[in-house]
Amino acid sequence: LLNTAYCSLHSFSQTKTSLTAGLVRSIGVSNFNSEQLERVIGDPAVVPAVNQVESHPFLSNERLRQFCADKGIQLVAYSPLARTGTSEQKNTTSPLDIPLVQELAAKYSVTAAAICIKWQTQRGVVVIPKSATKERIESNIRIFGFDLTEEEMTAMNALDKNWRNCTFSEYGIQSHKEWPFSRDF
């Protein structure tokens with residue numbers, strides 16, 4: 001059960017005491033939209049170091065990325081490869097299967113996943129891909145031997161559909177007053 005009187009902003013406020021007491025060096029947030037971030041950075045001495053959000057070629061979160069950059073907050077992408085086939089069935093095509101991504105992977109002799117990860121890092125986004133196999137972990141790191149061109153970055157940016165895979169709606173939390181996905185960014 002979710003207590004609607006409880007809010008993540010209160011939790012952040014409580015965590016600030018650990019920072020000001022010197023118990024931690026930095027604090028971060030997850031799934032905060034721009035409005036929620038504005039509220040927590042009302043105290044300029046305590047700005048979250050990171051905001052971890054879903055971000056992949058189908059959900060670039062570009063406006064939120066720029067907002068965070070302007071405020072000195074590092075955007076961190078979870079689900080950077082847009083796992084597909086969820087219970088909501090909003091999407092059945094993986095960005096890894098998009099011809100553009102496949103063509104770039106062939107051009108640079110890397111995996112399609114490496115292209116998606118490189119696109120994020122070139123945008124200044126920290127990426128945390130999940131993988132259970134040694135081979136995929138190794139291929140995911142092979143992003144340092146090439147750079148996507150400006151035209152390729154523009155083409156990758158055009159894949160954005162504002163498609164959110166991880167809404168957590170299966171838990172009934174979309175009615176919570178602090179549900180972050182009611183805003184575009």
Side-chain angles (χ1 to χ4, degrees), residues 26-34 37 48-171 173 180-181 183-185:
S26 59
I27 51 180
V29 296
S30 183
N31 292 320
F32 273 46
N33 63 37
S34 59
L37 286 168
V50 300
N51 185 17
Q52 185 182 68
V53 299
E54 177 182 0
S55 181
H56 46 73
F58 295 159
L59 180 69
S60 69
N61 264 317
E62 180 56 28
R63 289 176 63 200
L64 183 60
R65 186 200 66 76
Q66 188 58 57
F67 176 87
C68 286
D70 291 346
K71 303 292 183 182
I73 302 168
Q74 176 63 59
L75 199 70
V76 176
Y78 66 77
S79 193
L81 306 178
R83 97 188 136 85
T84 58
T86 64
S87 59
E88 296 179 20
Q89 295 299 315
K90 289 184 181 177
N91 185 20
T92 56
T93 304
S94 167
L96 305 180
D97 297 328
I98 298 294
L100 168 67
V101 177
Q102 290 286 319
E103 291 164 13
L104 292 173
K107 175 182 175 180
Y108 292 109
S109 301
V110 296
T111 64
I115 294 297
C116 293
I117 294 167
K118 182 64 173 186
W119 166 74
Q120 290 279 28
T121 61
Q122 275 190 232
R123 295 183 330 123
V125 177
V126 172
V127 184
I128 48 174
K130 174 187 169 270
S131 182
T133 68
K134 179 182 176 184
E135 294 78 21
R136 284 193 182 147
I137 293 168
E138 288 173 349
S139 69
N140 286 348
I141 198 90
R142 291 193 184 112
I143 62 167
F144 300 107
F146 69 98
D147 285 321
L148 298 172
T149 67
E150 187 175 324
E151 295 79 19
E152 291 165 345
M153 288 294 291
T154 300
M156 288 292 294
N157 292 341
L159 296 176
D160 188 10
K161 303 177 185 183
N162 199 31
W163 176 76
R164 188 174 303 284
N165 185 49
C166 304
T167 64
F168 310 103
S169 60
E170 64 268 25
Y171 304 109
I173 62 173
F181 310 129
R183 288 189 55 96
D184 280 347
F185 81 104

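What's counted below: heavy atoms across the whole structure, side chains too, no hydrogens, waters or symmetry copies. Count residues from 1 along the sequence.
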Could you state the interatomic distance from [atom1] ([X]) to [atom2] ([Y]), rounded to the nearest 0.5 Å?
{"X": "Arg65", "Y": "Ile73", "atom1": "CZ", "atom2": "CD1", "value": "13.0 Å"}
{"X": "Asn51", "Y": "Gln74", "atom1": "CG", "atom2": "CD", "value": "10.5 Å"}
{"X": "Ile117", "Y": "Arg142", "atom1": "CD1", "atom2": "CZ", "value": "11.5 Å"}
{"X": "Ile115", "Y": "Ile98", "atom1": "CD1", "atom2": "CD1", "value": "14.0 Å"}
{"X": "Asn140", "Y": "Ile128", "atom1": "CG", "atom2": "CD1", "value": "12.5 Å"}
{"X": "Leu159", "Y": "Leu100", "atom1": "CG", "atom2": "CG", "value": "5.5 Å"}

Nearest non-hydrogen partners of [X] and [Y], listed with the distance:
{"X": "Ser79", "Y": "His56", "value": "O-CD2, 3.3 Å"}
{"X": "Phe58", "Y": "Pro95", "value": "CE1-CD, 3.5 Å"}
{"X": "Val101", "Y": "Met156", "value": "CG2-SD, 3.9 Å"}
{"X": "Cys68", "Y": "Leu37", "value": "SG-CD1, 3.7 Å"}
{"X": "Leu81", "Y": "Cys116", "value": "CD2-CB, 3.7 Å"}

Sequence neighbours excluded, which residues qualify as side-chain contact (heavy atoms from CB on, under 4.5 Å) partners of [X]?
{"X": "Ser60", "answer": "Glu62, Trp119, Arg123, Asp160"}
{"X": "Ile137", "answer": "Ser131"}
{"X": "Glu152", "answer": "Leu104, Lys107, Tyr108, Leu148, Thr149"}
{"X": "Ser26", "answer": "Ala49"}

Main-chain N/O of Ile143 paired with Lys118 side-chain donor or acceptor, under 3.5 Å = yes

Indicate yes or no for a side-chain donor-acceptor contact from Gln120 to the backbone of Pro57 under 3.5 Å, with no hydrogens or angles considered.
-> no

Heavy-atom check, side chain of Val76 versus side chain of Val125, under 4.5 Å = no

Beyond-backbone contact of Leu75 with Val53, side-chain heavy atoms, under 4.5 angstrom | yes

List the steps and the verdict of side-chain contact (heavy atoms from CB on, under 4.5 Å) for Val127 and Thr121.
-> CA-CA 7 Å; Val127 184; Thr121 61; 4.1 Å; yes

